[in-house]
Amino acid sequence: MGTVQRQGDDRMTGTARRGALVGYGVIGEGHADGYERQTDLEIVAVVDVCAERRDAGVGRFPLANGYSSIQQAIDGERLDFIDICTPPSFHSEQISLGLNHDLFVICEKPLLLSSAETSDVMTLLQRTGGRLQPAHNYGYAPAIRRLLGVVHDEIGDLEGARFSTQRTGHARGTDSWSPDWRRDQTFSGGGILQDHGPHSVYLASRAARSRPTAVSCHLKRPDQGPHRHTEDEAHLVLEFGSVLVEIELSWRAGRRATRYELTGTAGTVALDGDHLELARPGGTVSELIPSDFDDPKHGRWCAGLLADASSGMASAETSNDLLGEAIVTVLVLEAAYRSAADGGRRIVLER
């Protein structure tokens, strides 16, 4: 049957909007943490192809039933939204299903894997009553929010930046379902560029307050072994007119680290994990901004993300800022792969 049924008709949630959490892996657990921190959205269905994970998800939500497919959840529940936390190769089909049923769709990064998928989804958005919000959770980290505020208000015009995401290996999923799916292109669509690249691209775009104009990229893959088909290192240069943002991504690092350094006409700001340092001619100021960068679930960040999603559902007007940012990110990563396949050739991005 694929369904874990509970009490049927007494699951009234007042004014809370009713949703299905689709995919209950590590990130799904993070979204569950976020739902526990707010009251405007209620999960009444957990969808997962794995019975063990489905049951675990149902255990988190007192009003939820379990389903093995989104269609089953749509048929069995009165839904206002779906929240997609599955690997990237499933996103296009799952987003399309939600939009075709006029649902509000929240979806993890990368939103989609190609320009062809984005074109299909944009067509659906025009034809249906559904709406779509990307889950760009790094934008909800307290330290990232402070960093972007400093960039926009305190260091003058941006002149350049370096982003570095260093990991000792790829993040593993749950043992119940393909724990190394990030290294399987069938599910991931790529390696570290698809996994960590989206965060760097959309944060660079926010810092520059514009979309990239060109990209060049070099990738490295293992010489042998089961993961030799997916890149575990990436070096990108994003151009925002004359401003260059260098991005280094690695699953080969000796230690875990996340660092952003941005230089402007009036100073430099660097965020190293939770530590922010602002250097200007008058001196240097340091801040500690606890942000849980080492928590792979990002539960605290998801609370803010879901609060914005709730506001979006309540509004008659749809903001295209996040969606536009996600679409640009998909196109940049697609061009980055083309660049890497052509020896790092600079590719001008269409406006």
Side-chain angles (χ1 to χ4, degrees), residues 2 20-32 46-54 56-57 67-73 82-98 105-118 120-121 132 134-137 165 167-201 219-222 224-234 249-252 296-298 326 329-334 336-338 340-341:
L21 182 58
V22 182
Y24 194 68
V26 174
I27 292 300
E29 291 177 351
H31 282 233
V46 175
V47 178
D48 203 295
V49 296
C50 175
E52 181 178 339
R53 296 308 302 166
R54 190 163 62 241
Y67 298 90
S68 59
S69 74
I70 298 175
Q71 189 61 58
Q72 286 181 350
I82 60 173
D83 182 356
I84 298 171
C85 299
T86 57
S89 65
F90 300 112
H91 289 180
S92 179
E93 179 180 356
Q94 292 171 340
I95 290 171
S96 298
L97 182 58
V105 179
I106 306 164
C107 185
E108 267 293 332
K109 60 80 189 170
L111 184 69
L112 297 159
L113 290 174
S114 69
S115 53
E117 288 184 353
T118 61
D120 291 343
V121 165
L132 177 59
H136 285 179
N137 56 29
T165 302
R167 301 291 185 264
T168 58
H170 63 278
R172 285 174 55 84
T174 63
D175 291 335
S176 305
W177 185 88
S178 191
D180 294 316
W181 66 262
R182 285 177 172 81
R183 302 306 298 263
D184 185 340
Q185 285 188 313
T186 304
F187 301 124
S188 64
I192 195 169
L193 185 58
Q194 287 290 10
D195 191 34
H196 288 285
H199 297 310
S200 294
V201 173
L219 303 176
K220 291 184 180 179
R221 299 177 177 84
Q224 55 188 356
H227 305 316
R228 64 187 182 278
H229 301 299
T230 51
E231 75 279 356
D232 55 7
E233 287 192 333
L249 309 171
S250 178
W251 278 334
R252 301 184 186 184
K297 297 189 298 181
H298 305 312
T329 298
V330 172
L331 300 180
V332 169
L333 295 181
E334 185 177 55
Y337 278 111
R338 293 203 311 271

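The figures here come from the full heavy-atom set of this structure, side chains too, leaving out hydrogens, waters and symmetry mates.
Identified under the salt bridge (Lys or Arg N to Asp or Glu O under 4.0 Å) test for residues 106-116, with sequence neighbours left out: Lys109-Asp195.
Side chains of Ser188 and Gln194: no donor on one and acceptor on the other come within 3.5 Å. With no hydrogens or angles considered, a side-chain donor-acceptor pair links Glu231 and Tyr337 at under 3.5 Å. Side-chain contact check for His298 and Asn137: no donor-acceptor pair (N or O, by modelled atom type) lies under 3.5 Å. Between the side chains of Gln94 and Thr86, at least one donor N or O lies within less than 3.5 Å of an accepting N or O.
Using a distance-only test at 3.5 Å, with no hydrogens or angles considered, no donor-acceptor pair links the side chain of Arg221 to the main chain of Arg228. Of the possible polar contacts, none joining the Arg53 side chain to the Cys50 backbone as a donor-acceptor pair under 3.5 Å is found. Proximity of a side-chain donor or acceptor of His91 to a complementary backbone N or O of Pro110 within less than 3.5 Å is detected.
The distance from atom NE2 of His170 to atom CG of Asp184, rounded to the nearest 0.5 Å, is 10.5 Å. If you take CG on Leu112 and OG on Ser89, they are separated by 11.5 Å, rounding to the nearest 0.5 Å. Atom-to-atom distance recorded for Glu117:CD and Ser96:OG is 8.5 Å, nearest 0.5 angstrom. Ser115 contributes atom OG, which lies 12.0 Å from atom CG of Leu333 (distance to the nearest 0.5 angstrom). Put simply, CZ on Arg54 and OH on Tyr24 are 14.0 Å apart, with the number rounded to the nearest 0.5 Å.
Between Lys220 and Asp232 no salt bridge is recorded (no basic side-chain N to carboxylate O distance below 4.0 Å). Between Arg167 and Glu233 there is no salt bridge, since none of the side-chain N atoms of the basic residue sits less than 4.0 Å from a carboxylate O of the acidic one.
Shown here are the side-chain contact (heavy atoms from CB on, under 4.5 Å) partners of Pro296, two or more places apart in sequence or in another chain: Val26. Among residues two or more places apart in sequence or in another chain, the salt bridge (charged side-chain N to carboxylate O under 4.0 Å, His left out) test is passed with Glu334 by none.
Looking only at side-chain heavy atoms (C-beta outward), Pro88 and Trp181 come within less than 4.5 Å of each other. Contact check for His31 versus Ile27: side-chain heavy atoms found under the 4.5 Å cut-off. Counting heavy atoms from C-beta on, the side chains of Ser200 and Thr165 come closer than 4.5 Å. Between Val49 and Ser68, every side-chain heavy-atom pair lies at or beyond the 4.5 Å cut-off. In this structure the side chain of Leu132 reaches within 4.5 angstrom of the side chain of Ile95, judged on heavy atoms.
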(message) Evaluate Val330 against Leu113 for side-chain contact (heavy atoms from CB on, under 4.5 Å), listing each step before the verdict.
(response) CA-CA 6 Å; Val330 172; Leu113 290 174; over 6 Å; no
(request) Dump the intermediate steps for side-chain contact (heavy atoms from CB on, under 4.5 Å) on His227 and Trp251, then the final yes or no. (result) CA-CA 12 Å; His227 305 316; Trp251 278 334; over 6 Å; no
(request) Run the numbers on Leu21 and Ile84 for side-chain contact (heavy atoms from CB on, under 4.5 Å), then give the verdict. (result) CA-CA 6 Å; Leu21 182 58; Ile84 298 171; over 6 Å; no
(message) With side-chain contact (heavy atoms from CB on, under 4.5 Å) as the criterion, how do Arg172 and Asp180 come out once you've worked through the C-alpha distance, each side chain's angles and the decisive distance to 0.1 Å?
(response) CA-CA 6 Å; Arg172 285 174 55 84; Asp180 294 316; 2.9 Å; yes
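The two residues Ala336 and Leu193 come nearest to each other via the heavy atoms CB-CD2, 4.0 Å. In this structure, Gly25 and Asp48 approach most closely via the heavy-atom pair N-OD2, 4.5 Å.
The one candidate from Ile106, Val105, Val47 that meets the side-chain contact (heavy atoms from CB on, under 4.5 Å) condition with Ile82 is Val105.
Summarising the local packing, CD of Gln71 is surrounded by more than 12 heavy atoms from other residues, nucleotides or ligands at distances under 6.0 Å.
In this structure, Trp177 has its ring center under 6.0 Å from that of Phe187. In this structure, His199 has its ring center at least 6.0 angstrom away from the ring center of His136.
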